[in-house]
Amino acid sequence: MLDQVDARARPIGGVSALGLLRGVDHIYATKGRDVIHLDMRFKKPDRKTLLGLLLGPTGHLRAPALRKGRTLIIGFDEDTYLRLLR
């Protein structure tokens, strides 16, 4: 089942963005040229760190955002998409 939300029509901000983390074991967030991987099973970062990875300068969820199973991918990095979405 695929759920798709147009973030332009329904922006996802702060607390709502944190709600996306329920049931997530891995976060891959692209920041510039870096891809940050967090394994939430072993260490859960503080709220400020999580919001810094999830939200863009507008205060809304960064795009693209994709969840596959227990993995959340924030931002676009071609190598990450190729590796995780096969």
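Small disclaimer: the values here were computed from a predicted structure and weren't measured. Note that these values count all heavy atoms, side chains included, but never hydrogens, waters or copies made by symmetry.
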Inset, instruction - Provide the closest heavy-atom pair for Ile12 versus Ala17 in the form atom of the first, atom of the second, distance. - result: CG2-N, 3.6 Å
Please list every donor-acceptor pair under 3.5 Å in which a side-chain atom of residues 31-44 meets a protein atom from a residue at least two apart or in another chain.
residue : atom : partner : partner atom : Å
Lys31   : NZ   : Gly52   : O            : 2.9
His37   : NE2  : His26   : ND1          : 2.8
His37   : NE2  : Tyr28   : OH           : 3.4
Asp39   : OD1  : Arg41   : N            : 3.1
Asp39   : OD1  : Arg41   : NE           : 2.9
Asp39   : OD2  : Arg41   : NH2          : 2.7

Inset, instruction - Decide yes or no for Leu21 and Leu50: does some side-chain heavy atom of the first lie under 4.5 Å from some side-chain heavy atom of the second? - result: yes
Legend entry - side chain to side chain donor-acceptor pair (under 3.5 Å) involving Thr49 - partner list, sequence neighbours excluded: Asp46
Legend entry - Residue of the set Leu84, Thr71, Leu85 for which side-chain contact (heavy atoms from CB on, under 4.5 Å) holds with Leu66: Leu85
Donor-acceptor list for residues 72-80 side chains, cut-off 3.5 Å, not counting sequence neighbours:
residue : atom : partner : partner atom : Å
Asp77   : OD2  : Thr80   : N            : 3.0
Asp77   : OD2  : Thr80   : OG1          : 2.7

Legend entry - Of all pairs that satisfy salt bridge (Lys or Arg N to Asp or Glu O under 4.0 Å), the ones with a partner from residues 57-72, not counting sequence neighbours: Asp25-Arg70
Show me the donor-acceptor pairs within less than 3.5 Å that the side chains of residues 54-61 make with the rest of the protein, sequence neighbours left out.
residue : atom : partner : partner atom : Å
Thr58   : OG1  : His60   : N            : 3.3
Thr58   : OG1  : His60   : ND1          : 3.4

Legend entry - Other ILVMFWY residues reachable from Leu82 by side-chain steps of under 4.5 Å: none
